[in-house]
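Scroll down for the structure; my scribbles are underneath it.
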Amino acid sequence: MEVAVVGAGVNGLATARALVRRGVGVTIYEQFELDNRRGSSHGASRIFRLSYPEVEWVRLAQEALPLWRELEAESGEQLLQLNGIIEFVRREGEGSQSALEASGAAVEVLDPDEVARRFPMVAAPHDAKAVFQADAGIVLAAKARHAFLAGARAGGARLREDRRVDRLDDLDEDVVVVTAGAWAKPLLAAEGIELDVVATSETVCFFRLESDRPTPSLVDFKPGGLGHGTYALADPDYGLKLGIHMSGRQLDPDAPVGPDPELVEQMRGTAARYFPSAEPEPVRVDTCLYTTTEDESFVLERHGRIVVGSACSGHGFKFAPVVGERLADLATAG
Ligand SMILES: Cc1cc2nc3c(=O)[nH]c(=O)nc-3n(C[C@H](O)[C@H](O)[C@H](O)COP(=O)(O)OP(=O)(O)OC[C@H]3O[C@@H](n4cnc5c(N)ncnc54)[C@H](O)[C@@H]3O)c2cc1C
């Protein structure tokens, strides 16, 4: 059996590795170079967390964690740095505490003094409860993508870079897995498959932050029960990465727009509030694409010889090893 994987972001690479481990021949087609910065998977770090307000997402993250450990053992690379995550919760029922407890994960509520003692670089606001979960932090994203690729290549997978697939019919393989990120919607529409997603360009800022203590990941929530607001995480190059979930504008992925200056300004203020020892000016500003379903779930499904893998909604990286397994099952089991 031969399978084509369209798109060499984290999900395509994880799927290719899972497929070769099932004894399948795999060719990965990527329209740009492997480490391109045009999609959703570039950069050095992403948040890994079990902390989700819904039990099913907690359980999926619990399923992903040992699979990351397995990839670390296979590659000989450290891929997770688990310094914990703090959720700043301002409303009753907000955050992940009850879903974590229901899933058997350890949770602690820290007062601001305890936050300062454990994480001297974080200034906890006095109007919020700090819910801490230890099995969280970052996944080293670039290293993780390369580890998936190395595993796929070790099993015989081929990577074709600078090879844009315009029509899935052009591919001769028995099954085609589409992990094309923000480009998947038009590619699938040409095959009569509707993918109900919206692509947005999200701005992120990097700040220099020096500390001899490990930096935790951090999230707060938008007012009115609208989910995550600010998120922040350790960045291996500069110290701190910070963004505002779902704040970007819709875009055509072939016509990228640059960072949004208003959001950069907002992020400067937020960084100064939560991380007062960080340098006030961002050292780098970047963009990254979200491909989002209305309820932030993922689309993993099969239509004839086509398998759809759209797992982003701004939170898919941590789940890549599980998503790879699910897509490989769909591709091989029908
Ligand atoms: C700002 C930002 C912050 C995020 N933070 C987190 C986080 O903290 N934690 C977390 O878990 N997740 C996070 N995510 C989400 C996570 O990064 C994504 O879920 C994940 O990277 C999606 O990967 P993908 O492989 O599906 O898509 P992509 O990485 O976009 O890969 C798709 C690839 O397909 C290629 N392609 C497209 N069309 C074609 C074609 N026709 N022919 C050939 N190749 C094609 C593209 O060039 C691209 O390389 C974040 C995302 C962003 C943007």
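Computed from heavy atoms alone, side chains included, the values below leave out hydrogens, waters and symmetry copies. Numbering of ligands and ligand atoms starts at 1, following listing order.
Side-chain N or O atoms of Glu30 include one that pairs as donor or acceptor with a backbone N or O of Ala8 at under 3.5 Å. Judged by distance alone, with hydrogens and angles left aside, the side-chain atoms of Glu87 form no donor-acceptor pair with the main-chain N or O of Val131 at under 3.5 Å. With Gln133 contributing its side chain and Asp135 its backbone, the two residues share a donor-acceptor pair below 3.5 Å. The backbone N or O of Ala234 lies less than 3.5 Å from a partner atom in the side chain of Ser45, making a donor-acceptor pair. Formation of a donor-acceptor pair under 3.5 Å by the Arg302 side chain with backbone atoms of Gly304 is found in this model. Panel note: side chain Arg268, backbone Pro282; no donor-acceptor pair is recorded below 3.5 Å. Remark: the backbone N or O of Thr230 is paired with a side-chain donor or acceptor of Asp220 at under 3.5 angstrom. The backbone N or O of Ala141 lies less than 3.5 Å from no partner atom in the side chain of Arg46, so there is not a single donor-acceptor pair. Using a distance-only test at 3.5 Å, with no hydrogens or angles considered, a donor-acceptor pair links the side chain of Ser217 to the main chain of Gly137.
Close N/O approach between Gly316 and ligand 1 is found [any backbone or side-chain N/O within under 3.5 Å]. Looking at Ala311 next to ligand 1, an N or O pair under 3.5 Å apart turns up. Taking only nitrogen or oxygen atoms, main chain and side chain alike, Glu202 does not reach within less than 3.5 Å of ligand 1. An N or O contact shorter than 3.5 Å links Ser40 to ligand 1 by distance. By the 3.5 Å distance cut-off applied to N or O atoms, His315 is counted among the residues near ligand 1. Where the criterion is an N or O separation shorter than 3.5 Å, residue side chain and backbone included, Val165 meets it with respect to ligand 1. Checked against a 3.5 angstrom limit, the closest N/O atoms of Gly39 and ligand 1 fall outside it.
Nearest protein heavy-atom contact of atom 48 (C) of ligand 1 is Glu30 OE1, 3.5 Å. Atom 27 (O) of ligand 1 has Gly181 CA, 3.7 Å as its closest protein atom, hydrogens excluded (heavy atom only). At the shortest separation from atom 32 (C) of ligand 1 among protein heavy atoms lies Thr179 O, 3.4 Å. Here the heavy atom of the protein found nearest to atom 34 (O) of ligand 1 is Gly7 CA, 3.0 Å. Regarding atom 31 (O) of ligand 1, its nearest protein heavy-atom neighbour is Gly9 CA, 3.3 Å. With hydrogens left out, the protein atom closest to atom 9 (N) of ligand 1 is Ile47 O, 3.0 Å, a heavy atom. The protein heavy atom nearest to atom 50 (C) of ligand 1 is Arg46 NE, 3.6 Å. Atom 18 (C) of ligand 1 has Cys312 SG, 3.6 Å as its closest protein atom, hydrogens excluded (heavy atom only).
Evaluated by nearest non-hydrogen atom to atom 24 (P) of ligand 1, the leading choice among Asn11, Leu171, Leu168, Asp286 is Asn11. Between the choices Phe317, Tyr290, Tyr29, Trp183, the shortest heavy-atom distance to atom 38 (N) of ligand 1 belongs to Trp183. Closest to atom 37 (C) of ligand 1 by heavy atom, among Gln31, Lys318, His42, is Gln31. One option in Ala141, Ser41, Cys288 has a heavy atom closer to atom 52 (C) of ligand 1 than any other, and that option is Cys288.
Between Arg21 and Glu74, at least one side-chain N (NZ, or NE/NH1/NH2) sits under 4.0 Å from a carboxylate O, which counts as a salt bridge. The pair Asp286-Lys241 fails the salt-bridge criterion, with no side-chain N (NZ, NE, NH1 or NH2) lying under 4.0 Å from an Asp/Glu carboxylate O. Salt-bridge formation is not detected for the pair Glu191/Arg305: no Lys NZ or Arg NE/NH1/NH2 atom is positioned less than 4.0 Å from an Asp or Glu carboxylate oxygen.
Within ligand 1, counting atoms from 1 as listed, the ones closer than 4.0 Å to a heavy atom of Leu289 are 53 (C). Counting the atoms of ligand 1 from 1 in the order shown, those under 4.0 Å from a heavy atom of Val204 are 1 (C). Distances below 4.0 Å separate heavy atoms of Phe32 from the following atoms of ligand 1: 47 (O). Each of the following atoms of ligand 1 lies closer than 4.0 Å to a heavy atom of Val6: 40 (C), 42 (N), 43 (C). Applying the 4.0 Å criterion to heavy atoms of Asn36 picks out, from ligand 1, the atoms 49 (O).
Residue contacts with ligand 1 include Tyr231, since one of its heavy atoms falls under 4.0 Å from the ligand. Between Ala182 and ligand 1 there is no heavy-atom distance shorter than 4.0 Å. Ligand 1 lies out of reach of Arg38, whose nearest heavy atom is not under 4.0 Å from it. Heavy atoms of Gly314 approach ligand 1 to within less than 4.0 angstrom.
Side-chain rings of Phe221 and His245 stay apart, their centers remaining 6.0 Å or farther from each other. For Tyr52 and Phe319, the ring centers are positioned less than 6.0 Å apart.
Between Trp68 and Phe148, the two ring planes are tilted [angle within 30° to 60°].
Enclosure of atom CG in Asp162 by more than 12 non-hydrogen atoms of other residues, nucleotides or ligands within 6.0 angstrom is indicated.
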